[in-house]
Amino acid sequence: MEEKINLQQESASSGTAVRESGGEYLVEVENLVKWFPIKSSFFRRTIGNVRAVDGISFRIKRGETMGLGGESGCGKSTAGRTMLRLLEKTSGEVYFDGQPVSALSRQELRKLRPRMQIVFQDPYSSLSPRLPVGEIIGEAVREHHIVPPEEFDDYISRVMRACGLPAYYKDRYPHEFSGGQRQRICIARALALNPDFIVCDEPVSALDVSIQAQIINLLKRLQKDFGLTYLFISHDLSVVEHISNTVGVMYLGSMVEYAGTEKIFSHPLHPYTEALFSAIPVPDPDVKINRIILKGSLPSPANPPHGCKFHTRCEKCMEVCKYSVPEWTEVESGHWCACHLYDSPEQKARAESEMEEAKAKGITEDEQQETL
């Protein structure tokens with residue numbers, strides 16, 4: 001504990017201003033959209049868009065973890081990178097500590113970078129093979145002047161020990177480490193900048209189960225010691241349940257459900273969430289689980305279905321689902337869902353009106369794919 005306290009004091013002694021606590025939520029995402037243009041091969045004209053992230057909204061409290069789950073290709077990683085402005089948004093806004101991130105100039109964003117970090121999925125490809133571990137962790141520390149030059153070496157040693165890495169590993173190269181050790185190096189690189197918010201982009205999916213537990217416990221300990229806030233992206237919902245305070249579920253670029261971890265796992269509302277949770281393995285051969293097998297395959301994000309994006313695979317699909325996009329609704333206190341099953345009378349009337357209007361324009365079931 002003494003090392004961790006000194007680590008925080010070291011950052012303060014370097015001249016970093018002590019930040020005053022702001023509002024309850026550190027990160028707020030409002031209707032975030034990220035589309036990737038599809039270009040024609042000859043004239044390079046935009047002939048369509050891949051809707052990787054298509055209007056998602058959520059908030060993360062300070063010192064808590066939000067889990068973001070869903071099938072591969074649903075837009076989880078793109079959402080995380082767009083939040084940090086590693087990718088530029090198409091529309092919407094991300095607020096970090098009350099500041100709109102997209103409105104920041106290049107110089108202002110550079111000052112904010114140390115407070116927002118990311119841990120990538122593949123620890124090996126995200127580490128330079130030509131640099132020793134000490135330089136990998138310390139490169140950004142030098143760039144942002146986190147500590148004075150004479151204190152640099154001792155500071156990196158403390159960061160490494162906080163992440164379970166002996167200080168003598170500083171002179172070794174990434175290829176000399178196991179997958180779990182490489183991920184610890186990636187975590188140390190993020191921690192060295194004394195961040196407030198870390199996007200964990202599937203940080204344990206490439207690791208063995210026993211190593212996954214070690215990394216998850218490390219992340220939880222660092223969060224407790226340093227007051228970190230996480231966005232934890234993973235397709236492994238059992239891991240998401242273990243580490244998260246709140247959980248969001250994405251499907252084809254859209255958020256379909258969001259709630260506290262205990263609430264969403266005990267009482268999922270959206271049919272897609274129910275199907276995902278039914279696939280979580282239970283380590284008891286005597287327990288029988290009603291598996292929900294989704295029909296069909298995941299539609300293309302470049303040509304999503306009209307109406308509710310999930311209606312082509314949903315067993316509870318109604319006629320209105322094929323024509324009207326469900327509204328993002330707080331069904332219970334703190335439990336949000338986008339599904340026509342939970343429409344209020346006013347929402348149901350609007351949805352039916354949209355359906356009749358679509359039918360009047362000649363949209364049929366054979367034309368459910370929207371041409372972009």
Side-chain angles (χ1 to χ4, degrees), residues 11-12 14-38 46 49-68 74-120 139-146 189-201 226-233 245-246 248 250 253-255 258 301 325 327-328 330 336 338 372:
S11 300
S14 68
T16 303
V18 178
R19 295 184 290 273
E20 295 181 359
S21 59
E24 180 182 8
Y25 295 96
L26 179 65
V27 179
E28 299 178 73
V29 177
E30 293 184 0
N31 199 30
L32 182 65
V33 174
K34 176 58 182 178
W35 291 2
F36 294 96
I38 302 173
T46 299
N49 293 283
V50 175
R51 300 184 175 190
V53 179
D54 199 17
I56 63 173
S57 301
F58 57 85
R59 298 185 294 181
I60 310 176
K61 289 184 178 180
R62 296 175 185 273
E64 291 193 356
T65 300
M66 176 185 162
L68 192 58
C74 69
K76 306 184 299 294
S77 296
T78 302
R81 297 182 185 210
T82 306
M83 288 169 62
L84 300 182
R85 269 188 75 177
L86 298 180
L87 298 172
E88 291 295 336
K89 68 180 179 66
T90 301
S91 64
E93 191 54 83
V94 177
Y95 295 92
F96 180 82
D97 205 7
Q99 293 179 290
V101 176
S102 64
L104 300 177
S105 65
R106 185 173 180 178
Q107 292 75 18
E108 291 171 333
L109 183 61
R110 177 181 170 82
K111 293 179 181 179
L112 189 63
R113 282 293 182 204
R115 299 182 61 189
M116 304 186 301
Q117 292 296 302
I118 185 170
V119 176
F120 295 99
E139 186 176 18
V141 174
R142 282 199 181 100
E143 186 69 21
H144 290 280
H145 309 291
I146 302 298
R189 178 175 58 184
L191 183 67
L193 295 176
N194 195 29
D196 294 321
F197 176 56
I198 300 179
V199 173
C200 301
D201 186 7
F226 298 107
L228 300 174
T229 303
Y230 293 143
L231 174 66
F232 190 89
I233 299 169
N245 301 101
T246 57
M250 288 186 66
S254 299
M255 190 82 77
Y258 172 84
V325 178
E327 297 181 26
W328 187 237
E330 189 173 16
W336 295 77
L372 302 180

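Closest of all the heavy-atom pairs between Val119 and Ala190 is CG2-CB, 4.3 Å. Closest heavy-atom contact between Glu93 and Ser102: OE1-OG, 2.6 Å. A pairwise comparison of heavy atoms in Leu231 and Met83 identifies CD2-SD, 3.6 Å as the closest pair.
Counting heavy atoms from C-beta on, the side chains of Thr246 and Phe58 never come closer than 4.5 Å. Tyr258 places none of its side-chain heavy atoms less than 4.5 Å from the side chain of Ile56. Using a 4.5 Å heavy-atom threshold, the side chains of His144 and Arg110 count as touching. The shortest side-chain heavy-atom distance between Ile38 and Val50 falls under the 4.5 Å cut-off. Within the 4.5 Å cutoff, side-chain heavy atoms of Met250 are placed close to those of Met255. Two residues are said to be in side-chain contact when any heavy atoms from C-beta on lie closer than 4.5 Å; Phe197 and Leu84 meet this criterion. Between Leu228 and Pro195 the shortest side-chain heavy-atom distance falls below 4.5 Å. Using a 4.5 Å heavy-atom cutoff, the side chains of Val199 and Ile233 are in contact.
The line from OG of Ser77 to CD1 of Ile118 is 7.5 Å long, rounded to the nearest 0.5 Å. Note that the CD atom of Glu64 and the OG1 atom of Thr229 stand 8.0 Å from one another [nearest 0.5 Å]. Thr82 contributes atom OG1, which lies 6.0 Å from atom NZ of Lys34 (distance to the nearest 0.5 angstrom). Separating the OH atom in Tyr25 from the CD1 atom in Ile60 is a distance of 11.0 Å, to the nearest 0.5 Å. The CG atom of Leu191 sits 6.5 Å away from the CD1 atom of Ile198 when rounded to the nearest 0.5 Å. Here the CZ-SG distance, from Phe120 to Cys200, works out to 11.5 Å after rounding to the nearest 0.5 Å.
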Between Val94 and Lys89, does the side-chain contact (heavy atoms from CB on, under 4.5 Å) criterion hold? Intermediate values first, please. CA-CA 9 Å; Val94 177; Lys89 68 180 179 66; 5.9 Å; no

- Under the side-chain contact (heavy atoms from CB on, under 4.5 Å) rule, what do Asp97 and Arg62 come out as? Steps first, then yes or no, please. CA-CA 9 Å; Asp97 205 7; Arg62 296 175 185 273; 2.3 Å; yes

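In this structure Asp54 satisfies the salt bridge (Lys or Arg N to Asp or Glu O under 4.0 Å) test together with Arg51, Lys309, sequence neighbours excluded.
Under the 4.0 Å criterion applied to side-chain N and carboxylate O atoms, Glu139 and Arg142 are not assigned as salt-bridge partners. The existence of a salt bridge linking Lys76 and Asp201 is excluded, since no basic side-chain nitrogen approaches an acidic carboxylate oxygen closer than 4.0 Å.
At distances below 3.5 Å, not a single donor-acceptor pair connects side-chain atoms of Arg115 with backbone N or O atoms of Leu193. Formation of a donor-acceptor pair under 3.5 Å by the Lys61 side chain with backbone atoms of Leu26 is not found in this model. Counting only distance, with no hydrogens or angles, the side chain of Arg59 and the backbone of Glu30 share no donor-acceptor pair below 3.5 Å. Remark: the backbone N or O of Gly92 is not paired with any side-chain donor or acceptor of Asn31 at under 3.5 angstrom. Within the 3.5 Å criterion, the main-chain N or O of Trp35 finds a donor-acceptor partner in the side chain of Thr90.
The aromatic rings of Trp328 and Trp336 lie parallel to each other, with less than 30° between the two planes, well short of the 60° mark.
Within a 6.0 Å radius of CD in Glu143, no more than 12 heavy atoms belonging to other residues, nucleotides or ligands are found.
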